[in-house]
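Shown next, in structure tokens, is the structure this report addresses.
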There are 2 protein chains.
Amino acid sequence: MLSNMPNSSSRATTSPAMLELARMLASCDLKVTRPRLAVLKILKNSTTPLSVQELAAALPPLPTINGVTIYRILESFTERGLIRLVNLRHNHLDYELVERHDDHHHIVCTKCGLIEDFYGCGASKLMSAAIKNSRHFATVNEHSVELFGLCKHCVKL
Amino acid sequence: MLSNMPNSSSRATTSPAMLELARMLASCDLKVTRPRLAVLKILKNSTTPLSVQELAAALPPLPTINGVTIYRILESFTERGLIRLVNLRHNHLDYELVERHDDHHHIVCTKCGLIEDFYGCGASKLMSAAIKNSRHFATVNEHSVELFGLCKHCVKL
DNA sequence: TGGTTAATGCAACTTACTTGCATTTAGAAT
DNA sequence: ATTCTAAATGCAAGTAAGTTGCATTAACCA
């Protein structure tokens, strides 16, 4: 059923990368549409989390995707856990793809905004400890960890 | 010099609590003004981080504080490290007071939004490990950790 | 007690985001 | 393939959020 790609009538190449994106949508029970593929592609290829505006600016100019549609797509992706909002202390939230293993975090330079990824934060211990000590919580299954500091360049300034 | 409180001409009581707030501002090189005291008071007394709108709604109705002023106050407080923005996955950022020891984090119910605090996340180990493995970073001095799960009430639903 | 500079308030503006409704289209059934 | 239906998109309009410039006020230092 993934063979019926949007734009199947056009010259679109339906590359393996596009098939992978389509599979990601389908596995989240999201219909495979051109705007959704475009948004997902950008997030997949981005090395950093993106603001709505950055994302919108990165979309192909034609055929245009309505701004309203972008908001609705981001909302549906977030609902399905395909993407997530992260706070890199840039005074707004950024969207990023959620990976399977999901122990992906960031170090952010508080001066220039440089972002570096890191994986594995040992939060499973923390999560079980938290649940033990918690008054009101029954389960903890997700976590976010971000570190803030100065990159090698900014530390010299 | 803290004795010259704003509204010193009025009936304001200059309570010890207010003096404490004034001291917090002064120690950040922020002039002690009525709007700033009001904003700081709300954040100090709140048990949870607050959105701009929640904060604005919590301000005393009279004398009114202009919306522009609220934004500017929050900006100046953030610059001086008096407050900080946190992402509790409520689709917006919330402001909270920064405490001295600063190892204060949250567990958030992904269903009802309940927030519980926890302290001490053992991030110092993580931070030194991160700096060791980092390609681009020289120092890491702040961190944010939030946990997400289900509260005892929502887990039954 | 002034004087200086920063903070506030106000008006106008830009940008961000939402809502309702008409149109299109993906995906399932035939 | 063709048709059907619900969901997704686009468009127009509107609301809310956040910003900017400038005049006024007030904190706080000498």
Side-chain angles (χ1 to χ4, degrees), chain A residues 1-10 12 14 18-19 21-23 25-40 50-57 59-60 62-80 82 85 90-95, chain B residues 1-10 12 14 18 21-23 25-40 50-57 59-80 82 85 90-95:
Chain A
M1 321 309 186
L2 288 178
S3 52
N4 281 3
M5 296 286 292
N7 261 345
S8 59
S9 58
S10 85
T14 9
M18 273 302 171
L19 275 176
L21 296 177
R23 234 174 272 118
L25 292 174
S27 72
C28 291
D29 285 306
L30 290 163
K31 285 191 183 175
V32 178
T33 67
R34 186 184 57 77
R36 283 177 177 173
L37 284 169
V39 168
L40 187 56
L50 299 173
S51 67
V52 182
Q53 289 71 328
E54 289 170 325
L55 178 68
L59 286 169
L62 285 169
T64 62
I65 298 174
N66 193 283
V68 179
T69 301
I70 298 175
Y71 285 112
R72 292 197 270 228
I73 286 176
L74 292 172
E75 190 185 5
S76 65
F77 284 12
T78 308
E79 269 171 9
R80 305 307 174 95
L82 195 54
L85 285 159
H90 292 346
N91 290 327
H92 62 259
L93 289 164
D94 291 300
Y95 287 96
Chain B
M1 322 305 188
L2 286 177
S3 51
N4 281 2
M5 296 287 292
N7 259 345
S8 59
S9 58
S10 85
T14 7
M18 272 303 171
L21 296 178
R23 235 174 271 119
L25 293 175
S27 72
C28 291
D29 286 307
L30 290 163
K31 284 190 183 174
V32 179
T33 67
R34 187 184 56 74
R36 284 177 175 171
L37 283 168
V39 167
L40 187 57
L50 300 173
S51 68
V52 181
Q53 288 72 335
E54 289 170 326
L55 177 69
L59 287 168
L62 285 169
T64 62
I65 298 175
N66 192 282
V68 179
T69 301
I70 299 174
Y71 285 112
R72 292 199 269 228
I73 286 175
L74 291 172
E75 189 185 4
S76 66
F77 284 13
T78 307
E79 268 171 10
R80 307 305 176 98
L82 197 55
L85 285 159
H90 292 347
N91 290 328
H92 62 258
L93 288 164
D94 291 299
Y95 286 95

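A, B, ... follow the sequence lines: proteins, then strands. Residue 1 opens every chain. Here the structure is a predicted model, which means the values were calculated and not measured. The figures here come from the full heavy-atom set of this structure, side chains too, leaving out hydrogens, waters and symmetry mates.
C/dA16 atom C1' lies 14 Å from atom CG of B/Leu93, rounded to whole Å. Protein atom CZ of A/Arg34 is 14 Å distant from nucleotide atom P of C/dG27, rounded to whole Å. Per the geometry, CG belonging to A/Asn66 stands 15 Å off P belonging to C/dA16, to the nearest Å. For the pair B/Leu74 CG and C/dT8 C1', the computed distance is 14 Å after rounding to whole Å. Regarding A/Ile70, its CD1 atom lies at a distance of 16 Å from the P atom of C/dT15, rounded to whole Å. Here the P atom of nucleotide D/dC28 and the CG atom of B/Asp29 are 11 Å apart, to the nearest Å. Between the CG atom of B/Leu62 and the C1' atom of C/dG9 there is a distance of 15 Å, given to the nearest Å. Regarding A/Phe77, its CZ atom lies at a distance of 11 Å from the P atom of D/dA8, rounded to whole Å.
With sequence neighbours excluded, the residues that form a side chain to side chain contact (heavy atoms under 4.5 Å, CB included) with A/Ser76 are A/Leu30, A/Arg36. With sequence neighbours left out, the side-chain hydrogen bond (donor to acceptor under 3.5 Å, both in side chains) criterion links A/His92 to A/Asp94. Among residues two or more places apart in sequence or in another chain, the side-chain hydrogen bond (donor to acceptor under 3.5 Å, both in side chains) test is passed with B/Glu54 by B/Ser51. With sequence neighbours excluded, the residues forming a side chain to side chain contact (heavy atoms under 4.5 Å, CB included) with A/Asn66 are A/Val68, A/Thr69, listed by chain and number.
Expressed to the nearest 0.5 Å, how far CZ of A/Arg80 lies from OG of A/Ser27 amounts to 10.5 Å. Of the inter-residue distances, the one linking B/Thr78 atom OG1 with B/Ile73 atom CD1 reads 11.5 Å to the nearest 0.5 angstrom. Distance check: A/Leu93 CG to B/Asn91 CG gives 8.0 Å after rounding to the nearest 0.5 Å. One finds the CG atom of B/Leu25 at 7.0 Å from the OG1 atom of B/Thr33 (value rounded to the nearest 0.5 Å). Atom CG of B/Leu37 is separated from atom CG of B/Leu21 by 6.0 Å, given to the nearest 0.5 angstrom.
Within the nucleic acid shown, B/Ser76 has no heavy atom closer than 4.0 Å to any nucleic acid atom.
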Intermediate values then yes/no, side-chain contact (heavy atoms from CB on, under 4.5 Å), B/Leu55 and B/Tyr95: CA-CA 9 Å; B/Leu55 177 69; B/Tyr95 286 95; 5.5 Å; no
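Across all non-hydrogen atoms, the minimal contact from B/Ala22 to B/Val32 is O-CG2, 3.7 Å.
Contact annotation: B/Thr33 side-chain N/O to D/dA26 OP1/OP2 distance is not under 4.0 Å.
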Tabulated below should be each protein N or O lying under 3.5 Å from an N or O of nucleotides 1-7 of chain D; please produce it.
{"residue": "D/dA7", "atom": "O4'", "partner": "A/Lys31", "partner atom": "NZ", "Å": "3.3"}

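Axis angle, first five pairs versus last five pairs of the helix from C/dT1-D/dA30 to C/dT30-D/dA1: 50°, rounded to 10°.
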Base contacts versus sugar-phosphate-only contacts with protein, heavy atoms under 4.0 Å: please encode nucleotides 15-20 of chain D as B, S and - from 5' to 3'. --SBBB
